[in-house]
J.: 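Provided herewith is a single structure, encoded as structure tokens, for subsequent inquiry.
Residues: numbered from 1 along the sequence shown. In what follows, every heavy atom counts, from backbone to side chain, and hydrogens, waters and symmetry copies are set aside.
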Amino acid sequence: MTNITFFRSDGIFYGFEEKGHVGFAEYGNDPFCAMLSSITMYIVDAVEDVYRGKILYDINEDEASITVRSPSALPAYEADERVRYAVSGLFLTYYHMLEDMLLHDDMYEFTGDGGFTVKVEDRDF
């Protein structure tokens, strides 16, 4: 089971944590886990390289987890509102994509028995 928790402050999405393994296939050969990893690194690269924002991430292979946070999504840390909207939009889009997959789980056979959960936590950066 993969648990994905999105972080939100004052209604603004600024990060997430992914923990666990979906369980569709063996570790290293799971297409769903590969998709999550690809999207995660896309967000990291987009914030850094495209929007020139600050991003913090921590990968813990022993616990099969990654935490990604960007202060550039929040007004207290980023003056340029275009950067804030773009960065928070990346996190919000990822959240909506996963929520849509849960709503239409009959279309996504690759989620396997383990599956995944998505939740949102309001917390300060």
Side-chain angles (χ1 to χ4, degrees):
M1 172 72 76
T2 296
N3 298 301
I4 305 165
T5 303
F6 284 85
F7 310 138
R8 182 176 60 189
S9 178
D10 292 326
I12 300 168
F13 282 72
Y14 69 86
F16 58 88
E17 178 181 60
E18 299 168 341
K19 280 187 173 182
H21 179 61
V22 174
F24 174 73
E26 293 298 316
Y27 181 81
N29 293 309
D30 191 318
F32 187 78
C33 286
M35 180 201 68
L36 293 178
S37 295
S38 295
I39 293 170
T40 297
M41 293 316 298
Y42 169 81
I43 291 170
V44 168
D45 290 343
V47 171
E48 280 183 329
D49 299 334
V50 176
Y51 302 117
R52 300 287 184 223
K54 182 164 177 70
I55 191 134
L56 310 166
Y57 61 96
D58 179 52
I59 300 170
N60 185 327
E61 292 192 25
D62 293 335
E63 294 182 9
S65 70
I66 183 168
T67 303
V68 177
R69 300 178 309 135
S70 178
S72 296
L74 301 170
Y77 302 96
E78 176 60 55
D80 188 335
E81 71 178 14
R82 295 169 300 174
V83 172
R84 289 196 316 263
Y85 292 147
V87 172
S88 65
L90 288 169
F91 294 116
L92 183 60
T93 299
Y94 187 29
Y95 168 75
H96 282 299
M97 183 192 80
L98 293 171
E99 282 287 296
D100 187 58
M101 291 176 78
L102 286 171
L103 286 172
H104 303 287
D105 63 348
D106 57 321
M107 295 171 54
Y108 299 98
E109 297 174 18
F110 55 83
T111 57
D113 294 333
F116 68 101
T117 64
V118 176
K119 68 179 182 175
V120 176
E121 285 185 5
D122 290 317
R123 60 164 90 164
D124 293 331
F125 193 86

J.: Determine, using the 4.5 Å side-chain heavy-atom cutoff (strictly less than), whether Y42 and F32 are members of one ILVMFWY cluster.
T.: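 Yes, Y42 connects to F32 through the hydrophobic network.
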J.: Taking salt bridge (Lys or Arg N to Asp or Glu O under 4.0 Å) as the definition, give me every residue that meets it alongside E121, ordered by chain and number, with sequence neighbours left out.
T.: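 Result, salt bridge (Lys or Arg N to Asp or Glu O under 4.0 Å) vs E121: K119, R123.
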J.: Got a second to check how far D10's CG is from D124's CG, nearest 0.5 Å?
T.: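 Taking CG in D10 and CG in D124, the distance rounds to 7.5 Å.
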J.: Out of the candidates F7, F16, Y14, F13, only one should pair with Y94 under the ring-ring contact (aromatic ring centres under 6.0 Å, His included) rule; please name it.
T.: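 By the ring-ring contact (aromatic ring centres under 6.0 Å, His included) criterion, Y94 pairs with just one of F7, F16, Y14, F13: F16.
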J.: Please tell me whether M41 and L90 are part of a single hydrophobic cluster in this structure, the criterion being side-chain heavy atoms less than 4.5 Å apart.
T.: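 Per the 4.5 Å side-chain linkage, M41 and L90 are co-clustered.
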J.: How would you list, by chain and number, every residue that makes a side-chain hydrogen bond (donor to acceptor under 3.5 Å, both in side chains) with D45, sequence neighbours excluded?
T.: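 Result, side-chain hydrogen bond (donor to acceptor under 3.5 Å, both in side chains) vs D45: none returned.
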J.: Applying side-chain contact (heavy atoms from CB on, under 4.5 Å), run through I12 and R84 and close with a yes or a no.
T.: CA-CA 9 Å; I12 300 168; R84 289 196 316 263; over 6 Å; no
J.: Can you measure from NZ (K54) to CG (L74) and round to the nearest 0.5 angstrom?
T.: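 The CG atom of L74 is 13.5 Å from NZ of K54, to the nearest 0.5 Å.
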J.: Nearest 0.5 Å please: distance from the CG atom of L98 over to the CG atom of L36.
T.: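 The CG atom of L98 sits 6.5 Å away from the CG atom of L36.
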J.: Among residues at least two apart in sequence or on other chains, which ones pass side-chain hydrogen bond (donor to acceptor under 3.5 Å, both in side chains) with S37?
T.: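 S37 satisfies side-chain hydrogen bond (donor to acceptor under 3.5 Å, both in side chains) with no residue once adjacent residues are dropped.
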J.: Hydrophobic clustering (ILVMFWY, side-chain heavy atoms < 4.5 Å, transitive) - are V120 and L102 grouped together?
T.: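 Same cluster: L102 reaches V120 through Ile, Leu, Val, Met, Phe, Trp or Tyr contacts under 4.5 Å.
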J.: Taking a hydrophobic cluster as the set of Ile, Leu, Val, Met, Phe, Trp and Tyr residues connected by side-chain heavy atoms closer than 4.5 Å, whether directly or through intermediates, do M35 and I59 fall within one such cluster?
T.: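 In one cluster with M35: I59, yes.
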J.: Could you check L92 against H96 for side-chain contact (heavy atoms from CB on, under 4.5 Å), going step by step and ending with a plain yes or no?
T.: CA-CA 6 Å; L92 183 60; H96 282 299; 3.4 Å; yes
J.: Are the side chains of S9 and F125 in contact, using a 4.5 Å heavy-atom criterion?
T.: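 F125 vs S9: side chains apart.
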J.: Any link between I55 and Y85 through a network of hydrophobic side chains (Ile, Leu, Val, Met, Phe, Trp, Tyr) touching at under 4.5 Å?
T.: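 No, I55 does not connect to Y85 through the hydrophobic network.
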J.: Pair V68, V47 - check side-chain contact (heavy atoms from CB on, under 4.5 Å), show working.
T.: CA-CA 11 Å; V68 177; V47 171; over 6 Å; no
J.: For R52, enumerate each residue passing the salt bridge (Lys or Arg N to Asp or Glu O under 4.0 Å) test, keeping only those at least two apart in sequence or located in another chain.
T.: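 Residues passing salt bridge (Lys or Arg N to Asp or Glu O under 4.0 Å) with R52: none at all.
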J.: Could you label the plane-to-plane angle of the Y95 and F6 rings as parallel, tilted or perpendicular, counting under 30° as parallel and over 60° as perpendicular?
T.: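 Perpendicular.
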J.: Please, which pairs that meet side-chain hydrogen bond (donor to acceptor under 3.5 Å, both in side chains) have at least one residue in residues 59-71, sequence neighbours excluded?
T.: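 Output for this query lists E17-T67.
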J.: Decide if atom CG of D49 counts as having more than 12 heavy atoms of other residues, nucleotides or ligands within a radius under 6.0 Å.
T.: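 Yes, because the 6.0 Å sphere around CG of D49 holds more than 12 heavy atoms from other groups.
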J.: Can you tell me how far apart CD (E48) and OG (S72) are? Round to the nearest 0.5 Å.
T.: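 Those atoms lie 10.0 Å apart.
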J.: I need the T93 OG1 to M97 CE distance, nearest 0.5 Å.
T.: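 T93 OG1 to M97 CE: 9.5 Å, rounded to 0.5 Å.
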J.: Measuring from atom OH of Y57 to atom CD1 of I43, what distance do you get when rounded to the nearest 0.5 angstrom?
T.: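 Y57 atom OH to I43 atom CD1 measures 13.5 Å (nearest 0.5 Å).
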J.: Could you work out, with side-chain hydrogen bond (donor to acceptor under 3.5 Å, both in side chains) as the rule, every residue matching T40, not counting sequence neighbours?
T.: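 Partners of T40 by the side-chain hydrogen bond (donor to acceptor under 3.5 Å, both in side chains) criterion, ordered by chain and then number, come out as E18.
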